[in-house]
Amino acid sequence: MGAAEAAILDAGAYAWSLMRGQALANAAPSMLSSRDSCAATLRTRISSPEEDAPSLFGVAVDGETPTQLDTDVAYYLLARGPYSWLGWGVWGMTWPPEVALPGLFGELDAAIAGQAPMGTLAEVAEGVFERVYSAALTVRLNCTAWNATFVLGSDPRSVVL
């Protein structure tokens with residue numbers, strides 16, 4: 001790591017080019033490309049955690065419609081570190097103001113506001129991944145069934161969007 005990069009990180013800041021896969025500001029977020037690669041992608045995150053590295057995650061979209069918002073949000077919450085961002089699509093990485101976040105995600109945001117995950121990503125059953133944020137939130141992604149579950153307290157909700 002160069003002296004400039006070290007100084008940026010020591011100051012508690014980041015530079016776009018320090019994010020994995022972001023050389024030349026390519027805006028190439030980490031995304032789950034398919035159900036078939038889901039488990040392998042998450043197993044790689046377990047075996048080679050990059051929790052301290054800044055990272056960018058994306059939401060798959062078709063125009064202005066998220067195509068797998070539940071799994072994208074679960075992937076972000078499972079694999080993220082303390083310096084991670086979730087954005088819309090591949091380029092721009094913003095959330096369009098005309099597209100409302102589904103209600104559950106506002107509750108998820110409140111459940112994790114200011115919290116670091118309590119544990120690391122774990123495969124709790126074949127193809128099923130989980131991470132605990134607090135007593136108020138557990139995130140699960142079942143790669144085989146291709147569904148996400150967000151357990152808020154004792155209220156499990158499978159999100160189908």
Side-chain angles (χ1 to χ4, degrees), residues 14 16-109 111-112 115-134 137-152 155-161:
Y14 75 98
W16 186 269
S17 62
L18 292 177
M19 290 186 199
R20 182 177 30 89
Q22 303 307 312
L24 305 174
N26 285 332
S30 178
M31 299 173 75
L32 288 178
S33 57
S34 73
R35 175 186 216 158
D36 295 336
S37 64
C38 177
T41 299
L42 287 166
R43 286 183 187 120
T44 298
R45 288 284 185 163
I46 291 171
S47 64
S48 311
E50 300 177 22
E51 291 186 2
D52 291 336
S55 54
L56 189 60
F57 293 82
V59 172
V61 296
D62 180 9
E64 293 184 359
T65 305
T67 57
Q68 56 186 37
L69 185 58
D70 56 341
T71 54
D72 288 336
V73 171
Y75 173 56
Y76 167 72
L77 291 172
L78 290 168
R80 70 178 281 272
Y83 308 105
S84 300
W85 293 265
L86 177 65
W88 183 267
V90 175
W91 290 101
M93 299 310 300
T94 60
W95 198 271
E98 67 277 4
V99 179
L101 273 172
L104 176 60
F105 295 104
E107 293 178 54
L108 288 175
D109 187 47
I112 64 169
Q115 293 185 38
M118 293 177 67
T120 58
L121 168 63
E123 187 168 9
V124 296
E126 182 70 25
V128 180
F129 299 84
E130 181 176 284
R131 193 170 193 186
V132 176
Y133 272 77
S134 68
L137 177 64
T138 300
V139 178
R140 288 188 197 109
L141 179 57
N142 184 326
C143 291
T144 305
W146 197 239
N147 70 346
T149 305
F150 305 90
V151 181
L152 297 165
D155 180 16
R157 301 185 193 189
S158 288
V159 180
V160 179
L161 302 172

Can you see which heavy atom on A60 is nearest to which on D72, and at what distance?
N-OD2, 2.8 Å
Counterpart residues, salt bridge (Lys or Arg N to Asp or Glu O under 4.0 Å), relative to R43 (two or more places apart):
E123, E126
When you measure from the side chain of R140 to the backbone of V151, do you find a donor-acceptor pair of N or O atoms at a distance under 3.5 Å?
no
Mind checking ring-ring contact (aromatic ring centres under 6.0 Å, His included) for F129 and listing every partner two or more places apart, or none if nothing turns up?
none
Separation of E130 CD from L77 CG (nearest 0.5 Å):
12.5 Å
Can you confirm whether R80 sits close enough to R131 that some side-chain heavy atom of one is under 4.5 Å from a side-chain heavy atom of the other?
yes
Between C38 and Y75, is the side-chain contact (heavy atoms from CB on, under 4.5 Å) condition met? List the steps.
CA-CA 9 Å; C38 177; Y75 173 56; over 6 Å; no
Nearest atoms (heavy-atom pairs only) where A74 meets A148
CB-CB, 3.7 Å
Going by the rule side chain to side chain contact (heavy atoms under 4.5 Å, CB included), which residues pair with T144 if we only count those two or more places apart in sequence or in a different chain?
N142
Pair listing, salt bridge (charged side-chain N to carboxylate O under 4.0 Å, His left out) test, anchored in residues 28-41, at least two apart
none
Nearest 0.5 angstrom please: T138 OG1 to M118 CE, how far?
9.0 Å
Which distance, rounded to the nearest 0.5 Å, do you find between the CG of L78 and the OG1 of T120?
11.0 Å
Is there a side-chain contact between Q68 and L32, using heavy atoms and a 4.5 Å cut-off?
yes
Between atom CG of L141 and atom CH2 of W146, what is the distance when rounded to the nearest 0.5 Å?
6.5 Å
